[in-house]
Structure formats: C-alpha cells, structure tokens
Amino acid sequence: MDYETIQVSKEGMIGTITLNRPQAMNALSNKLVTELISALADFEKDEGVRCLVITGSEKAFSAGADIKEMAGMTAVQMTMTGHFFPLWDKVGRYPKPIVGALSGFVLGGGLELAMSFDVLVASETAQFGQPEIDIGVMPGGGGTQRLTRAVGKYKAMEMILTGERIGAEEAKTLGLVSRVVPKESYLEEAKKVANEIASKSPVAVRHAKMAINKAFEMGLGGGIDFERELFYLLFASEDKNEGMNAFMEKRKPAFKGK
Ligand code: DAK
C-alpha cells in the first residue's frame, strides 16, 4: 500500500515503519496517525512478520502531535473525535513486539508513542522530553503515567512541569531506553534486536509481552498469578516441545508460532 506520511518495508520476519514528514519533524498529523494504524493492522495480520521496528529520521523520531492541526480544535471536538486514541489503543494492545529506533527529537506525543513500544534503542543524539507545558497543555497520550513509571516521580515532575529535555545517556541511566548506540547504527541495532526477538517462539514472545505489560496494571499477586497461567498455557504449544527437544538434542530450535 502507498502511504504519504510513512514508509513501510519488510525484511525477512521484520516489518519496519518509518515516520516520514521531514518538513514537520515527523509531527503526528491526523493523516499520519491513520496511516500508522493501517500499517500496524497489516503487519498484525501478516503471519510472516514476527517483530516490528518503528523509526523516524536521524533528526527526529517525532516532535509530537501536529500543533498546527491541533491549535484550532475545541475540547468538544477532541472528545467527540477521540483525538489520537485509536492509535494509542492499537499500539497499547498490539500483540507483536515493537522495537523503537529513536534518534533526534523524541518529544511530546512522540515520546508517549515510543513509551508504548516494547524495546527502545536510541541514537546518542536522541533528546527526550514532554514539552506540552510550553504550549499551555499537558501530556495527553500517557506521558504522566508511563514516564513516571519509567523514571520515577521526581524526574517525571521535573520533565513535565519544566518541559526540560534529557539526552540519550541520561535516558538510559534513568531506564527510559534500553540501549544507546552511535548515530550511524541505531536503526541497524534496533533491527538486530528485532531479529533476535523474531528468532524466538512467537507464541512465547506474545505471552511474555502480555505478562510484562500486566505489571503496569495489576498488583504483584495478581500479576504473578496471570504470569503463571500464561506459563502453563505455553505447555500446549508445539514451540515449547520444539524448544525443549532442541535443547536436549543440542541443536537450534525452529519455532513456528504454533
Ligand atoms: N507540530 C507541527 N509542526 C511542528 C512540530 C509539531 N509538534 N514540531 C516541529 N514542527 C515544524 C515547525 O513548525 C517547523 O515548520 P516550518 O516553520 O518550517 O513550517 C519545522 O517543523 C521545523 O521545526 P523548527 O523550525 O521549530 O526546528 P527547530 O530545530 O528550531 O526546533 C523542535 C525543533 C522539535 C524543538 C521544535 O520544533 C518544537 O519545540 N516543536 C514542538 C514540540 C512540542 O511542543 N511537542 C508537543 C506537542 S503536543 C494523545 C496522544 C498524543 C498527544 C496528545 C493526546 N491522546 C492519545 C489523547 C500528544 C500531544 C503533543 O505531542
């Protein structure tokens, strides 16, 4: 499918989506959001795709929601259109793992979108921030919740109340991203992680992702019960037999997602 604001490609078991509005620092316009939902839906259905990489440009992953589009919106319009919620809902419930390959500006809704992915690989040039306070609003795509869980109350307060940006190394120290690499290799590194994930059992990966995400919704006891049920369930998969037999036969497993 041809898109205007994103590019989509497939290499082996990896589907890549590149945000592509260079004139606007990859700001999330309504068109981009619609196209992103459509590309995500296609990769979700494609059984050949086991892991996604979502990236932007070296200069900007995304500078957040398109302020020029948002400026004229009223509270009633925001509520009645469910502004951006369909994308957030799609990514939040996405069954396949998503690796974010982040460089340059990762701001506002751009950071909130990234924080709903599963693994974050950053270029050393990446800058993270929630600058909504500077335009008279506040984070609306989960930033107050996900950033606080990632970096703790005090740093989240500082970033959200002052709009201050942090660099990639600080983001890694705070636990906001998992890897920081030179700017030449962030996309390649993200694809490497994605390929590693794609080589595992898709059934096990999907359930492990579900269980980790429950850590943000449930108390410890409920989360551990949920994890145990999923663990037992995996004993119904062919991939479990393949993985354990391959270990005992000292060979590499060939997982089928069954
Ligand atoms: N929207 C529209 N255009 C943007 C933009 C944005 N967010 N960011 C940059 N641009 C445009 C600029 O207007 C400029 O366009 P022209 O003037 O050339 O036409 C072009 O990109 C280049 O930007 P600059 O000239 O400003 O470049 P600089 O290097 O000087 O600065 C910057 C780059 C990224 C630091 C700066 O542009 C900036 O501060 N941008 C705004 C960042 C921001 O405030 N982001 C937060 C937006 S609010 C929700 C989900 C999500 C959200 C809300 C709800 N739900 C699920 C309910 C998200 C909200 C937001 O993200």
Side-chain angles (χ1 to χ4, degrees), residues 4-6 17-41 54-94 98 100-117 120 122-151 156-168 170-171 176 183 186 213 216-217:
E4 239 176 69
T5 61
I6 59 172
I17 302 175
T18 306
L19 310 187
N20 187 33
R21 293 189 72 216
Q23 73 286 7
M25 300 278 175
N26 287 331
L28 309 171
S29 60
N30 291 318
K31 174 108 190 160
L32 186 147
V33 165
T34 306
E35 292 191 341
L36 197 44
I37 293 171
S38 160
L40 285 163
I54 301 186
T55 192
S57 68
E58 197 180 307
K59 209 162 167 193
F61 169 68
S62 170
D66 190 312
I67 302 169
K68 294 168 190 166
E69 270 185 13
M70 240 178 2
M73 303 266 297
T74 64
V76 171
Q77 284 170 327
M78 295 294 270
T79 308
M80 297 309 276
T81 57
H83 176 255
F84 281 10
F85 185 70
L87 173 62
W88 259 243
D89 193 42
K90 184 94 194 146
V91 177
R93 294 169 196 275
Y94 206 67
I98 302 177
L102 312 174
S103 180
F105 297 113
V106 187
L107 302 178
L111 176 54
E112 292 171 308
L113 184 64
M115 286 191 293
S116 65
F117 301 162
L120 297 182
S123 146
E124 61 198 349
T125 64
Q127 293 183 41
F128 302 85
Q130 296 281 175
E132 292 88 344
I133 205 81
D134 292 329
I135 54 167
V137 290
M138 61 177 275
T144 60
Q145 306 304 301
R146 287 203 172 96
L147 187 66
T148 305
R149 282 169 164 87
V151 305
M157 281 283 187
E158 200 183 315
M159 288 175 71
I160 291 171
L161 302 187
T162 69
E164 167 216 42
R165 289 183 220 149
I166 59 169
E170 187 174 0
L176 184 55
K183 68 177 191 310
Y186 73 97
N213 281 336
F216 296 100
E217 293 164 21

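Counting starts at 1 for both ligands and their atoms, following the listed order. All residue numbers refer to positions in the sequence shown, counting from 1. All figures in this text were calculated on a predicted structure; none of them were measured in a lab.
Counting only distance, with no hydrogens or angles, the side chain of Ser29 and the backbone of Asp66 share no donor-acceptor pair below 3.5 Å. No donor-acceptor pair under 3.5 Å is formed between the side chain of Glu112 and the backbone N or O of Pro139. Side-chain N or O atoms of Glu35 include one that pairs as donor or acceptor with a backbone N or O of Glu4 at under 3.5 Å. In this structure, the side chain of Gln77 engages the main chain of Thr74 through a donor-acceptor pair within 3.5 Å. Using a distance-only test at 3.5 Å, with no hydrogens or angles considered, a donor-acceptor pair links the side chain of Glu124 to the main chain of Lys183. Between the side chain of Tyr94 and the main chain of Leu40, a donor-acceptor pair closer than 3.5 Å is present. Proximity of a side-chain donor or acceptor of Arg21 to a complementary backbone N or O of Leu32 within less than 3.5 Å is not detected.
The presence of a protein heavy atom under 4.0 Å from atom 30 (O) of ligand 1 is ruled out. Shown here, atom 16 (P) of ligand 1 is in close reach of the protein: a heavy atom of it lies under 4.0 Å off. Within a 4.0 Å radius of atom 25 (O) of ligand 1, the protein contributes no heavy atom. In this structure, atom 38 (C) of ligand 1 is not in close contact with the protein, since no protein heavy atom lies within 4.0 Å of it.
Counting all heavy atoms, side chain and backbone alike, Ala27 lies closest to Ser62 at CA-OG, 4.2 Å.
In this structure, of Met70, Lys68, Met138, Glu112, the residue bringing a heavy atom nearest to atom 12 (C) of ligand 1 is Lys68. Here the shortest heavy-atom distance to atom 44 (O) of ligand 1, taken over Leu107, Ile67, Leu113, belongs to Ile67. If you check each of Gly142, Ala71, Gly104, Gly140 against atom 54 (C) of ligand 1, the one with the closest non-hydrogen atom is Gly140. Between atom 11 (C) of ligand 1 and the options Ser62, Ala24, Pro22, the minimum heavy-atom separation is to Ala24.
Nearest to atom 35 (C) of ligand 1 among the protein's heavy atoms is Arg165 NH2, 3.3 Å. When hydrogens are left out, the protein atom nearest atom 9 (C) of ligand 1 is Met25 CG, 3.7 Å; that is the closest non-hydrogen contact. Annotation: atom 18 (O) of ligand 1 to nearest protein heavy atom, Gln23 O, 4.6 Å.
Considering backbone and side-chain N/O of Ala63, one or more are found under 3.5 Å from N/O of ligand 1. Looking at Phe105 next to ligand 1, no N or O pair under 3.5 Å apart turns up. Below 3.5 Å of separation, one finds an N or O of Ala65 facing an N or O of ligand 1.
Under a 4.0 Å criterion applied to the non-hydrogen atoms of Asp66, ligand 1 contributes the atoms 1 (N), 2 (C). Atoms of ligand 1 lying under 4.0 Å from any heavy atom of Pro131, numbered from 1 in the order shown and given with element: 43 (C), 44 (O), 45 (N).
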Check against side-chain contact (heavy atoms from CB on, under 4.5 Å), Ile166 and Leu176 | CA-CA 10 Å; Ile166 59 169; Leu176 184 55; 4.3 Å; yes
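Between the CD1 atom in Ile6 and the OG1 atom in Thr55 there is a gap of 13.0 Å [rounded to 0.5 Å].
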